[in-house]
2 protein chains.
Amino acid sequence: MATIRDVAKLAGVSVATVSRVLNQNGYVNEDTEKRVRKAIEQLNYKPNEVARTLFKKTSKTIGLIVPDISNPFFPELVRAVEDVMNIYDYTVILCNSDEKNEKEKQYIEVLKQKYVDGIILTTTELAMEEVLELDVPVVILDRPSMPAFPSVVADNYGGARLATRHLYDIGCRKIAHIQGPPHVVNAMQRFSGYRDEMQSLGLWDENLIIQGNYQLKQAKEATLQALKEYQVDGIFAGNDAMAVGALKAVQQLGLRVPEDVAIIGYDGIPLTEMTTPELSTISQPIYEMGAIAARILVKQIEGKPLEQIHYMLPVELIERQSTRREKR
Amino acid sequence: MATIRDVAKLAGVSVATVSRVLNQNGYVNEDTEKRVRKAIEQLNYKPNEVARTLFKKTSKTIGLIVPDISNPFFPELVRAVEDVMNIYDYTVILCNSDEKNEKEKQYIEVLKQKYVDGIILTTTELAMEEVLELDVPVVILDRPSMPAFPSVVADNYGGARLATRHLYDIGCRKIAHIQGPPHVVNAMQRFSGYRDEMQSLGLWDENLIIQGNYQLKQAKEATLQALKEYQVDGIFAGNDAMAVGALKAVQQLGLRVPEDVAIIGYDGIPLTEMTTPELSTISQPIYEMGAIAARILVKQIEGKPLEQIHYMLPVELIERQSTRREKR
DNA sequence: CTGAAAGCGCTAACAA
DNA sequence: TTGTTAGCGCTTTCAG
């Protein structure tokens, strides 16, 4: 590995001069510049990023903390972040927190020690103070929590009302909701949307709430249980995985989807097109959420003003077979 | 951010001494050590990783290059790598190559400049030379290609034979194969397994080969086409996504799965449990593959000998509804 | 057992 | 326009 000294020696100039041409910074004679560039070429010299980082305290690296990349909601989000950061020559360190406060803190510590230029955080668990005392730019993604930071989220409340209303529109009157984990903010927002819509339709009934934890399996069991005790003709699941669980439960009981029970999920992950029947869902602009988060992080890093601090992206009803009935 | 100088000053010792207690390296008087530790505590001092990296040329960071994290095969693999590296205090930089040589080269360049301690590579496209002249440890994951490097792969050939044989065992005689992209080594190995098994069963027929590209959509179209032209009673898809495509095609033609056409996929991603009927598949130990790759990378980094260079992990037949018929 | 000093590879004043 | 110099924060000889 050639260093800047080697280049300087070969070109017959000082390292300062080489640094100047490297960073297009300060004046340098045209001829000298040519010589330097030739030397760089010859030695195939690439500046050492670590040394640069040590001096400039900026690493062209960001940290991305997600609960669990193997949860099918996150890969697309991560991909979007990576794509955009890549454009701006940033590299991303991926961290899986499992929503554990302990792991998050640890990661943040490590990231700081590595001089990351910013952090994108997808989590709710993190105690405010921890993040507040961070001296790097932060963007909160997907799970709204701290108004103090820029954030990118989707319209969970509105989406939930939309889903509930859709089930109503196709004729459902006993609409159950499989709820996500209570400590996850977006799950609670979806619940609120469901509740408000049900109340305004005059259909609200506490017995229609099914406890889920965003996992297929648990949702299936809970739905099985619920369906035995209570009659329902529509299910709005808090995410797509749970919608699949509900689908399996309904089918296992010998009921038809959508004729006997209509089902709609939430998130719009690719999986929803793979079931039979295909699942209706509220689709979030996952890729766009990640991309915007990345872009506003870069803006912050570059010290540019954000024209908007909190992004709430619209969601969209995707109507598929699992809710396709005659409208009344 | 406190530096080692601050600690030294507060403890009334030289930085060298502080460094010694930090790295348990060299002798230091017990009392002195106590004073130093107290100072560290008081200032909440954390050594600056970047400075350390510059000096030691080791960053406690590795690069992980995958084709595309949003392809459902990779999240679990990535998760495994992250989990294991985390245990050894390494951090992972995630890179999506899209199997593009250009992007891979670029990433490798960047990773080298950041002094990563090692690279895990999931790709076939990379020209040998590029990687060969890397001076950091490398592990090839999932896609066998270069015997020069340690690798972790699954038994693609054996798995394909197993799948084909399974379809035969449940009574299929016209067994089609949806092939993965020709430039992907593991797709070709699976094809070989299929071909050899079919030949040894005396069922080989070139017309039964369907061209796929590992994508659901394309596989569905191709299968639709194939089914119209040729009668088949079993389909072995080169991966699970294509198996879903095949499933959709078969269902669209009004045929029953598994009665008319049995289907088996490959990979064993969670998705296979979510379809109706649930898909039989050849399950690869995805998490384990990632974990082993990470472990042997660490071993290499630490300069320890590998007891084995090439790992070929066994696969497993998972029998689900899509092939559940009476055996004959 | 401890400190002084050199240097990892780069950048940024400050002079010249 | 260019070179000299002093660090960024850490580790490691080498003396003492």
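Every chain is numbered from 1 and lettered A, B, ... according to where its sequence line falls, protein lines coming before strand lines.
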Query raised in the report: Which residue, B:Phe55 or B:Ser14, contacts DNA chain C at a nucleotide closer to its 5' end, judged by nearest heavy atom?
Result: B:Ser14
Query raised in the report: Where each residue is assigned the nucleotide of DNA chain C containing its nearest heavy atom, which of B:Glu33 and B:Ala51 is assigned the position nearer the 5′ end?
Result: B:Glu33
Between [X] and [N], does any side-chain N or O lie under 4.0 Å from OP1 or OP2?
X       : N      : value
B:Asn25 : D:dT11 : no
B:Tyr45 : D:dC10 : yes
B:Asn48 : D:dC8  : no
B:Tyr27 : C:dG3  : no
A:Thr17 : D:dG3  : yes
B:Arg52 : D:dT11 : yes
B:Lys57 : D:dT11 : no

How is [X] classified with respect to the nucleic acid when contacts are heavy atoms under 4.0 Å: base, sugar-phosphate, or nothing?
X       : value
A:Val13 : sugar-phosphate
B:Thr32 : sugar-phosphate
B:Ser19 : base

Figure out the [atom1]/[atom2] separation between [X] and [N], and round it to whole Å.
X        : N      : atom1 : atom2 : result
B:Asp31  : C:dC1  : CG    : P     : 11 Å
A:Lys9   : D:dT2  : NZ    : P     : 20 Å
B:Ile4   : C:dT2  : CD1   : P     : 15 Å
B:Arg5   : C:dA5  : CZ    : P     : 12 Å
A:Arg20  : C:dA13 : CZ    : P     : 12 Å
B:Gln113 : C:dG9  : CD    : P     : 14 Å
A:Gln24  : C:dC10 : CD    : P     : 17 Å
A:Leu22  : C:dG9  : CG    : C1'   : 12 Å

Query - Charged N-O contact under 4.0 Å between B:Arg52 and B:Glu49 - result: yes
Query raised in the report: Are A:Lys114 and A:Glu109 close enough for a salt bridge, meaning some N to O gap below 4.0 Å?
Result: no
Query - Proximity to the side chain of B:Asn23 - top-ranked nucleotide from D:dT4, C:dC10, D:dT11 - result: D:dT11
Requested in this report: Please tell me which of the listed nucleotides, C:dA4, C:dT2, C:dG9, lies nearest to the side chain of B:Ala16?
Outcome: C:dA4
Query raised in the report: Side chains of A:Asn86 and B:Lys103: does their closest heavy-atom pair fall under 4.5 Å?
Result: yes
Query raised in the report: Under 4.5 Å between any side-chain heavy atoms of B:Ser151 and B:Tyr311, yes or no?
Result: no
Query raised in the report: With no hydrogens and no angle check, do the side chains of A:Asn71 and A:Tyr214 hold a donor and an acceptor under 3.5 Å apart?
Result: no
Query raised in the report: Does a side chain donor of either B:Asn96 or B:Tyr107 reach within less than 3.5 Å of an acceptor in the other side chain?
Result: no
